[in-house]
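Just below is one structure, and these are the notes that go with it.
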Amino acid sequence: MKVKNLSRRHVLRGLLNGGVVAVALPVLDCLLDDNGAAWAATGESLPLRFGTWFWGLGATNRIFVPQKTGAGYEVPSQLGPVARVQQHVNLFTNLNVFRDGEPNLCHYSGWIVGRTGKAPKTTAEQPGETLDITVANQIGRTTRFRTLTASATGDFRNTVSYENANTPNPPEISPLEFYTRLFGADFQDPNAPVFTPSPRVMVRRSVLSGVLDEIKAMEKTVGATDRQRLDEYFTGLRHLEKQLDQQLTKPEPIAACHAPPSVSMDPKMGVEVDMVQKRHRMLTDLMVMAVACDQTRVFNMAYSNAQANTVKEGYEKPHHTTTHEEPIDSHYGYQPQCAYFSSRAIEEWAYFVEAFTKIREGAGTLLDNMLIYANTDHGEARIHSLDGLVAFTAGRAGGRVKTGLHVDAGATGVTRVAYTAMRAMGIELPNWGVKSNMTSNAFSEILA
């Protein structure tokens, strides 16, 4: 039964010490349509979000790839942690990266193609625009942060997000600094009874207005090529202007949003797997609440770098070296230490997905209104292959994606997963990728 005199902007008002206070209502069923997926009063959909997750050095396919495809597939041992979130994810196996005559650049070609659609010529060739930016340019312009990127590696150079070949998006690696950035002095709590615009943001907005006016005047005095460059720069500043305007506008109440417990110090920054796990979970929890508070709608997380340099206490070799030097165990038929490292990565993927299911939104969870794309740099870890890659998606993208499926890609390109993800996010691209990696063939199996 719908209550006609309530709306999503309804607040409870009262007096406290002589002042007026307002408290937001949670997302009640009566505020939503019959499907629980849109606001009843306006028909406006709950916001869609897009994320990516990365781990290095692929998998041990023998104990990772299920025998059965479709729904209800069995979960092999290395994939074990995914059983907790199986209903929320799709697994893609038997994916290929096509080099188009370029070399197999270990730990580079695979993830670059998976996120940009183009095979690099050398490791000095930086990625172009990654798919998260393509999505952010469409859905990320109305939030405080167009995108957020974090990495549990402890190395700010380990980014998987690029605006273009000259502009990487450096990741947050410190939980303490990430907390301060998200929930420090400039955080506008959407549920606060009083809204006070940040003086710092007001100053930045004022300065930016002056810069934009100067650029307009300068455009009239330069040649066509420089005018084009100024126009590109001007567009970027306009986007920044919109974000600053958003911070100076009282946000809509969000019942699920609350500042998490403050982070007072960083964990140790080593590469031992338990240390990496702790950083990853702290960064994940902060990222989840940043999304819940609508500070961003596009985000990236890296568990390890492409070389996968994590180490295990009591074992002398890091993950990467292990893939090259550990012999295949005659009993198991694979490299058990290498499998251990990959299993720890998949455990963190399960944690990442699970964290978004704990935030209620509408008739479901935060994860139901997003899509997360997870990829890696190689197929079989032992041989650093560019075939037999695996990838995941998680979330239902507001009902646009079916989940719980294992899809055998049939040795087709890894770019199909990214293309499908962008299609699910409402980006109308006739195709995506370059040369052999170009695709217009979405995975129809998962599209609702």
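Everything quoted here is computed from the prediction, not taken from an experiment.
A donor-acceptor pair under 3.5 Å is absent between the side-chain atoms of T52 and the main chain of A374, judged by distance alone. Side-chain atoms of W111 never come within 3.5 Å of backbone atoms of G114 as a donor-acceptor pair (strictly under, hydrogens ignored). Side chain of N300 to main chain of G51: no donor-acceptor pair is present (N/O by atom type, distance under 3.5 Å, no hydrogens or angles). A side-chain donor-acceptor contact under 3.5 Å links N305 to the backbone of A308.
A salt bridge links R281 to E348: one of the charged nitrogens lies within less than 4.0 Å of a carboxylate oxygen. Using a cut-off of 4.0 Å between Lys/Arg side-chain N and Asp/Glu carboxylate O, K118 and E129 are scored as not salt-bridged.
Within the 4.5 Å cutoff, the side chain of N169 has heavy atoms near those of the E163 side chain. Side-chain contact between N375 and V414 is absent, with no heavy atoms from C-beta onward closer than 4.5 Å. Using a 4.5 Å heavy-atom threshold, the side chains of I372 and L367 count as touching. A 4.5 Å side-chain heavy-atom check between R400 and L48 finds at least one atom pair inside the cut-off. Counting heavy atoms from C-beta on, the side chains of F92 and H406 never come closer than 4.5 Å. Looking only at side-chain heavy atoms (C-beta outward), V273 and V276 stay at 4.5 Å or farther from each other. Counting heavy atoms from C-beta outward, V89 and T403 have side chains that stay 4.5 Å or more apart. For the pair V291/M370, a side-chain contact is recorded, criterion being any heavy-atom separation below 4.5 Å from C-beta on.
Rounded to the nearest 0.5 angstrom, F50 CZ and I139 CD1 are separated by 8.5 Å. Here the OG-CD1 distance, from S343 to I63, works out to 6.0 Å after rounding to the nearest 0.5 Å. Within the model, atoms CZ of F392 and OG1 of T376 stand 10.0 Å from one another, a figure rounded to the nearest 0.5 Å. Taking CG of N158 as the start and OG1 of T149 as the end, the distance is 12.5 Å to the nearest 0.5 Å. Rounded to the nearest 0.5 Å, atoms CE (M425) and CG (L131) are 10.5 Å apart. To the nearest 0.5 Å, atoms OG1 (T93) and CG (L79) are separated by 10.0 Å.
With sequence neighbours left out, R297 forms a salt bridge (charged side-chain N to carboxylate O under 4.0 Å, His left out) with D294. With sequence neighbours left out, the side-chain contact (heavy atoms from CB on, under 4.5 Å) criterion links A256 to I359. In terms of the salt bridge (charged side-chain N to carboxylate O under 4.0 Å, His left out) criterion, K312 has no residue partners (sequence neighbours excluded). Residues passing the side-chain contact (heavy atoms from CB on, under 4.5 Å) test with D368, sequence neighbours excluded: T365, R396. A136 is linked by a side-chain contact (heavy atoms from CB on, under 4.5 Å) to R146, T147, V298, counting only residues two or more places apart in sequence or in another chain. By the side-chain contact (heavy atoms from CB on, under 4.5 Å) test, L429 is found to be paired with Y419, M422, I427, W432, residues two or more places apart in sequence or in another chain being considered. With sequence neighbours left out, K278 forms a salt bridge (charged side-chain N to carboxylate O under 4.0 Å, His left out) with no residue at all.
Residue pairs satisfying the ring-ring contact (aromatic ring centres under 6.0 Å, His included) criterion with at least one member in residues 355-384, sequence neighbours excluded, are listed as follows: H107-H378, H107-H384, F299-F356, H320-H384, H324-H384, F352-F356, H378-H384. Applying the salt bridge (Lys or Arg N to Asp or Glu O under 4.0 Å) test to residues at least two apart or on different chains, the pairs with a partner in residues 260-276 are D274-R344. Sorted by first and then second residue, the pairs that involve residues 49-63 and meet salt bridge (Lys or Arg N to Asp or Glu O under 4.0 Å), not counting sequence neighbours, are R49-E361. Applying the salt bridge (Lys or Arg N to Asp or Glu O under 4.0 Å) definition to pairs two or more places apart or across chains, those involving residues 170-180 are E172-R181.
Shown here for S304 and F54, the closest heavy-atom pair between the two residues is O-CD2, 3.4 Å. Summarising the geometry of A71 relative to L405, their closest heavy-atom pair is N-CD2, 3.7 Å, with the distance given to 0.1 Å. The two residues N437 and T415 make their nearest non-hydrogen contact at O-OG1, 2.7 Å. Across all their heavy atoms, K402 and N90 have their closest contact at O-ND2, 2.7 Å. What you find for I446 and V407 is that their closest heavy atoms are CG2-CG2, 4.1 Å. Nearest heavy atom pair, residue P175 against residue M282, reads CB-CE, 3.8 Å.
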- Message: Using the rule given for side chain to side chain contact (heavy atoms under 4.5 Å, CB included), can you reason through H280 versus M301, listing the C-alpha separation, both sets of side-chain angles and the distance that settles it, and then say yes or no?
- Response: CA-CA 8 Å; H280 178 263; M301 177 70 74; 3.9 Å; yes
- Chi angles and distances behind the side-chain hydrogen bond (donor to acceptor under 3.5 Å, both in side chains) call for Y162, Q126: CA-CA 9 Å; Y162 280 75; Q126 297 296 311; 2.8 Å; yes
- Chi angles and distances behind the ring pair (Phe, Tyr, Trp, His ring centres under 6.0 Å) call for W349, Y303: CA-CA 8 Å; W349 163 241; Y303 164 74; over 10 Å; no
- Query: Would N164 and T167 satisfy side chain to side chain contact (heavy atoms under 4.5 Å, CB included), going step by step from the backbone distance to the final call?
  - Reply: CA-CA 5 Å; N164 52 56; T167 314; 2.9 Å; yes
- Message: If you apply the rule side-chain hydrogen bond (donor to acceptor under 3.5 Å, both in side chains), what do you find for Y351 with D285, and how did you get there?
- Response: CA-CA 10 Å; Y351 181 90; D285 294 346; 2.9 Å; yes
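Ring planes of F183 and Y179: tilted class, angle from 30 to 60°. The aromatic rings of F341 and H319 lie parallel to each other, with less than 30° between the two planes, well short of the 60° mark. Relative ring orientation between Y334 and Y332 is described as tilted, the plane-to-plane angle lying within the 30° to 60° band.
No hydrogens or angles considered: nothing links the side chains of S161 and T159 as a donor-acceptor pair under 3.5 Å. With no hydrogens or angles considered, a side-chain donor-acceptor pair links D132 and T130 at under 3.5 Å. With 3.5 Å as the limit, one finds no donor-acceptor pair spanning the side chains of Q335 and R382.
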Please table the atom pairs, donor to acceptor, closer than 3.5 Å between any side-chain atom in residues 81-88 and protein atoms at least two apart or in another chain.
residue: R84; atom: NE; partner: E354; partner atom: OE1; Å: 3.4
residue: R84; atom: NH1; partner: E347; partner atom: OE1; Å: 3.4
residue: R84; atom: NH1; partner: E347; partner atom: OE2; Å: 3.3
residue: R84; atom: NH2; partner: E347; partner atom: OE2; Å: 3.4
residue: R84; atom: NH2; partner: E354; partner atom: OE1; Å: 3.3
residue: Q86; atom: NE2; partner: Y73; partner atom: O; Å: 2.9

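Within a 6.0 Å radius of OH in Y315, other residues, nucleotides and ligands contribute more than 12 heavy atoms. E313 CD: 12 or fewer foreign heavy atoms inside a 6.0 Å radius.
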